[in-house]
Amino acid sequence: MNIKLVSIGFACLMMFSFFQATAQKENIDAILEEAEALSHFKFLAADELMGRDPARPEIDIAALYIANQFEKYGARPVEGLNGYYQHVPFMYSSPPEIGEIHWNQDTLNHGDELLVLGGRDISGEFELVVAGYGLEEDYEGKDVTGKWVVVRVGAPGRLSPAELFAAGREKTALAQEKGALGLIEMYNVPTTPWSLLVNYLNKPQMGLDTNPDTDKAFPYLWMKDLSSEIINAMNSGATTMKIQVTGKINKKITGKNVVAFIPGTDEKLKEEYVMLSAHYDHLGVGTPNAAGDSIYNGARDNAVGTAALIQAADYFGEHPPKRSVLLCAWTAEEKGLLGSGYFADNPPLDLSNIIFNLNIDNAGYNDTSMVTVIGLGRTSADHHISEAAEAFGLKALSDPAPEQGLYDRSDNVNFAKKGIPAPTFSLGFTAFDQDVAAHYHQVTDQVDNFDLDYALKYWKSFILAAENIANDPNQPLWNAGDKYESVSKTLYGD
C-alpha cells in the first residue's frame, strides 16, 4: 500500500468535506434573509392571533399562514390529505355547572374531590363494578353492561401525567366497548398533587373526538382517593353510587395539522423522509396580569419552532437534499400532544418511510451559546446535530433536566413509540431554572424580549442538521439498548 497516496487521498477527502460544509453554511445564510425570517416569527406570535388556542378561530389564521408559506416556497401537499391540511376531529368539553357523587354518606363535588373530565349530563343511581386498572385482563369474568366501571388511575409503570391521560383514553374506549355507562378513575398518584390537577383540569378541555354523536359522549370522571380507601371499600362488595352531572357542554371542533413535503433528489433515497416538526398552537387568552396583558403569545413555545419549519421550506425548496423532507406543524400539543398523536395513528404515508424526526419544542432559554437537544445521545445522528450547531457558533447539549421528563412531554414521543428516532431540538438551557420559568406558559413569552440574533443561529443550525441527516447514505438508528430499539426494528425490519 502506498501510504503517501493514502495520506493524500485522506487529505483530499477532508478538504472536500470542509468546502462542502462551507458551501452549505453559505447557502443557508443566503436563503435565510433576516427580515423575512423574523417576519414569520413576529406574525405567528402577534397579539392578533390571540395565543393560537386550538379551540379559538384564530388558530385557523395561523394554519392558513403556515400552509401558504409552505406553498410559496415550493413544498407540496401530501396525497390523501385535504390540501396542506390533515383534519383532526376534536371534542371541546366544558366543566359542568354541577358535578356530584353521593356515596357512603359523603358528597364529592366537582372541583374539590371530583373532576368531570368527559361525557354528558347524567343523573341517577348506578351499580358499580371495580375492574383493577381497567385494562383488558381486568374485565375477565366481569359483566359491566349498563354499569359504571371504577378503576385505579394509570397503569403499572405508566404514572407520568402524559401517561395517565393516554391510559385514560384507552380505558374509556375499552369500557365503552364493554357496554359500560361510564368510567371513574380513582386518583392516588403522590408525585402529582391533586390540587395541581384541579387547577389544570377544571377548565374547558379538548380531546380527540371518538363519538359521532355528542349526546352519547362517554362519561369519564376522576375521584380523589389518595389512600385507596374508597376503592378498597368498593372492592369488598357490590355497591351503588348516585351521580349527577348537569350543565356540561360538548362541541365538535375540526383542528388542522399543516403538512407538506419536498421531494428528495436521489432516485432511491427520495422514498425515505426526514420529518421536521413543531407544534404551532399555544395557550390562548387568560386572566390579565398586573400590566393588563392576557394574551399568551407563545414566542418561545412554539412560534420560534414553527418559524423554523417555514424557513426549512424556504431553504429546501431551493436546495432539496437526497432524501425527501416532510414538514409537519402540529395542532393541540398543549392539549395533550393530540395533533401529532392523530398523525402517528392515522399517517398519510407509511411510517416506515419516515426514517427520522427532528422535532422542535421549547419552554425557553438561558444560554444563547448552545442548543439543547432532548434525546441527544440516543441515536446515530448525534454527530450531524452537533456539527450543525458548531457551524453556527453553537454547542449541542443533551437534556440537562431529566427529572422533568421532557422527552415524553413533546410531540416527538408519539413517533418514538412507533420506532422512529426522534429527538427534540430546543433552545439552549442548562437547567429548568427561573430564567426559563419566567416566560414558560406566561404572557411575557413574546418576540420583543427574545434574542433575535440567537433565533437566526438557532434556525440555521436546525436546517443544517436536517440537511446533513437527509444527505447521509446511512439511515439513522436508535443506539443499541435504547428502549425504542426493539419497536424500531419491527418498524423498519432487522
Side-chain angles (χ1 to χ4, degrees), residues 41 45 159-163 189-193 195-197 199-200 277-279 282-283 289 296-308 333-334 337 357-379 381-383 385-413 416 422-462 465 479 482-483:
F41 187 25
L159 295 176
S160 73
E163 289 171 325
V189 180
T191 52
T192 303
S195 59
L196 183 65
L197 289 168
N199 289 336
Y200 179 71
S277 63
H279 75 90
H282 195 52
L283 301 179
N289 65 3
Y296 289 78
N297 301 83
R300 294 158 178 80
D301 185 16
N302 190 29
V304 69
T306 311
E333 185 272 348
E334 301 287 3
L337 317 182
N357 173 211
L358 191 59
N359 184 55
I360 289 183
D361 196 8
N362 289 291
Y365 62 88
N366 56 26
D367 192 329
T368 58
S369 70
M370 62 176 57
V371 293
T372 298
V373 183
I374 309 302
L376 192 70
R378 297 180 64 173
T379 80
D382 283 355
H383 64 289
I385 298 172
S386 296
E387 290 166 8
E390 290 172 6
F392 291 99
L394 302 173
K395 181 179 179 181
L397 175 75
S398 62
D399 185 355
E403 74 282 356
Q404 293 285 334
L406 297 176
Y407 193 93
D408 296 324
R409 288 168 53 184
S410 190
D411 294 302
N412 61 293
V413 75
T424 290
F425 191 93
S426 296
L427 298 165
F429 70 98
T430 55
F432 212 87
D433 62 9
Q434 61 183 8
D435 289 334
V436 174
H439 299 298
Y440 178 54
H441 286 187
Q442 303 295 323
V443 296
T444 56
D445 183 7
Q446 300 175 350
V447 173
D448 61 9
N449 53 36
F450 201 105
D451 186 327
L452 298 181
D453 290 333
Y454 175 57
L456 287 165
K457 292 180 183 179
Y458 174 74
W459 292 325
K460 291 175 180 180
S461 58
F462 172 77
N479 288 343
D482 194 277
K483 71 176 184 177

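Along the sequence shown, the residues carry numbers beginning at 1. Basis for what follows: all heavy atoms, side chains included, without hydrogens, waters or symmetry-related copies. If you're wondering where the values come from, they're calculated on a predicted model, not measured in any experiment.
Here the side chain of D433 pairs a donor or acceptor atom with the backbone of V436 at under 3.5 angstrom. Using a distance-only test at 3.5 Å, with no hydrogens or angles considered, no donor-acceptor pair links the side chain of N302 to the main chain of A278. Within the 3.5 Å criterion, the main-chain N or O of G428 finds no donor-acceptor partner in the side chain of D367.
At least one side-chain heavy atom of V447 sits less than 4.5 Å from a side-chain heavy atom of L452. At a threshold of 4.5 Å between non-hydrogen side-chain atoms, the residues I374 and P423 do not count as touching. Here the side chains of Y200 and T192 are not in contact, with every heavy-atom distance at 4.5 Å or above. Here the side chains of T368 and K457 are not in contact, with every heavy-atom distance at 4.5 Å or above. Here the side chains of W459 and V304 are in contact, with some heavy-atom distance below 4.5 Å. Residues F392 and L456 have side chains not in contact (no heavy-atom distance under 4.5 Å, counting atoms from C-beta outward).
Applying the ring-ring contact (aromatic ring centres under 6.0 Å, His included) rule to H279 yields no partners; only residues at least two apart in sequence or on another chain are considered. For the ring-ring contact (aromatic ring centres under 6.0 Å, His included) test, no residue two or more places apart in sequence or in another chain qualifies with Y407.
Note that the CD1 atom of I385 and the CZ atom of F425 stand 7.5 Å from one another [nearest 0.5 Å]. Distance check: S386 OG to L397 CG gives 10.0 Å after rounding to the nearest 0.5 Å. Here the CD-CG distance, from Q442 to D301, works out to 11.5 Å after rounding to the nearest 0.5 Å.
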Go through it in stages, so that I can follow the logic: the residues are T430 and N366, the test is side-chain contact (heavy atoms from CB on, under 4.5 Å), and I'd like the CA-CA distance, side-chain angles, deciding distance and then a yes or no. CA-CA 7 Å; T430 55; N366 56 26; 3.4 Å; yes
Run the numbers on F429 and N362 for side-chain contact (heavy atoms from CB on, under 4.5 Å), then give the verdict. CA-CA 10 Å; F429 70 98; N362 289 291; over 6 Å; no
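Ring geometry for H282 versus Y296: interplanar angle of 30 to 60°, hence tilted. Ring orientation note: the planes of Y440 and F432 are nearly perpendicular, at an angle over 60° on the 30°/60° scale.
Side-chain N/O atoms of T424 and N412 include a donor and acceptor closer than 3.5 Å. Side-chain contact check for N449 and T444: no donor-acceptor pair (N or O, by modelled atom type) lies under 3.5 Å.
The residue from D411, D408, D361 that alone fulfils the side-chain contact (heavy atoms from CB on, under 4.5 Å) condition with L337 is D411.
Ring centroids of F41 and F450 are separated by less than 6.0 Å, placing the two rings close together.
Residues R409 and Q404 share a closest heavy-atom pair of NH1-O, 2.9 Å.
When the shell of 6.0 Å around CD of E403 is examined, it contains more than 12 heavy atoms from other residues, nucleotides or ligands.
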